[in-house]
Amino acid sequence: MDVTLHLAQDPEADALLGRSPLAALVGMLLDQQVPMEWAFKGPRTIADRLGAEDLDAHEIAAADPEAFAALLSEKPAVHRYPGSMAKRILQLCQYLVEQYDGDAEAVWRGVGNGAELLKRLEDLPGFGRQKAQIFLALLGKQLGVTPQGWREAAGAYGEAKSFRSVADITGPESLARVRAHKQEMKAAAKAAKAAGR
């Protein structure tokens with residue numbers, strides 16, 4: 001895996017995401033309740049604080065939970081909720097060590113079809129269906145992981161030429177279009193809720 005991503009909008013952070021399957025998974029895990037760029041910059045920040053070039057699932061899985069939470073809480077914090085996200089990253093890495101010998105790329109390497117890949121992603125701690133579908137779309141659209149049926153398994157996120165999620169961000173212009181789409185969806189949901197009262 002060695003591609004150029006533009007999710008953190010930061011060259012060093014994006015370079016790590018493009019070459020490290022674990023960093024990409026951790027970035028996706030962090031992508032909730034904070035701006036996307038902040039979430040996807042997280043893996044680089046964690047690696048820097050660990051004094052490493054990359055994240056290592058074995059090292060993180062074996063980390064002292066309190067020390068790891070403190071690492072994520074240092075200013076600037078890696079996430080709005082650094083303690084709970086530290087716990088989730090530990091759970092993700094422990095799962096990867098138990099199920100895939102710490103090899104994050106093994107989650108999708110050699111997978112038979114899109115439905116199987118979606119199931120594997122949904123099995124990851126902290127990955128619900130929507131997050132799994134978005135990550136599956138990212139794998140297919142930008143990382144060259146295209147098992148048969150991947151677009152269908154990714155649902156609307158797998159649609160070509162759409163601007164729904166991080167899977168569609170390739171630079172500042174597409175970032176703006178994804179943001180606009182999300183604002184439209186929030187406004188529509190708010191209007192629907194108001195109409196239902």
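H58 places no side-chain N or O within 3.5 Å of a backbone atom of V97 that could act as its donor or acceptor partner. A distance-only check finds a donor-acceptor pair linking the side chain of R120 to the backbone of A106 [under 3.5 Å]. A donor-acceptor distance shorter than 3.5 angstrom exists from the side chain of Q142 to the backbone of I169, with no hydrogens or angles considered.
A salt bridge between R151 and E159 is absent, with no side-chain N of the basic residue lying under 4.0 Å from a carboxylate O of the acidic one. By the 4.0 Å N-to-carboxylate-O rule, K141 lies close enough to D168 to be salt-bridged with it. With respect to the salt-bridge test (charged N to carboxylate O, under 4.0 angstrom), the residues K41 and E12 do not qualify.
Hydrophobic clustering (side-chain heavy atoms under 4.5 Å, transitive across Ile, Leu, Val, Met, Phe, Trp, Tyr) keeps V26 apart from W38. The hydrophobic cluster containing Y81 does not contain L90, counting ILVMFWY residues as joined when their side-chain heavy atoms lie under 4.5 angstrom apart, directly or transitively. Connection of V34 to L92 is not established within any shared hydrophobic cluster, with ILVMFWY side chains joined at heavy-atom distances below 4.5 Å, either directly or through further cluster members.
The closest side-chain donor-acceptor pair between Q130 and Y157 falls under 3.5 angstrom.
The environment of NZ in K131 is crowded: more than 12 heavy-atom neighbours from other residues, nucleotides or ligands sit within 6.0 Å. Counting heavy atoms of neighbouring residues, nucleotides and ligands inside a 6.0 Å radius, atom CD of E53 does not exceed 12 of them.
W108 and F135 have tilted rings, their planes meeting at an angle from 30° to 60° on a 0 to 90° scale.
Nearest heavy atoms, A8 versus D14: N-OD1, 2.7 Å.
The closest side-chain heavy-atom distance from E105 to Y100 is not below 4.5 Å. Between L5 and L143, the closest side-chain pair of non-hydrogen atoms falls below 4.5 Å. Between L117 and L139, the closest side-chain pair of non-hydrogen atoms falls below 4.5 Å. The shortest distance between side-chain heavy atoms of R88 and Q32 falls below 4.5 Å.
Of the residues listed (T170, L175, L17), the one engaging L7 in a side-chain contact (heavy atoms from CB on, under 4.5 Å) is L17, and it is the only one.
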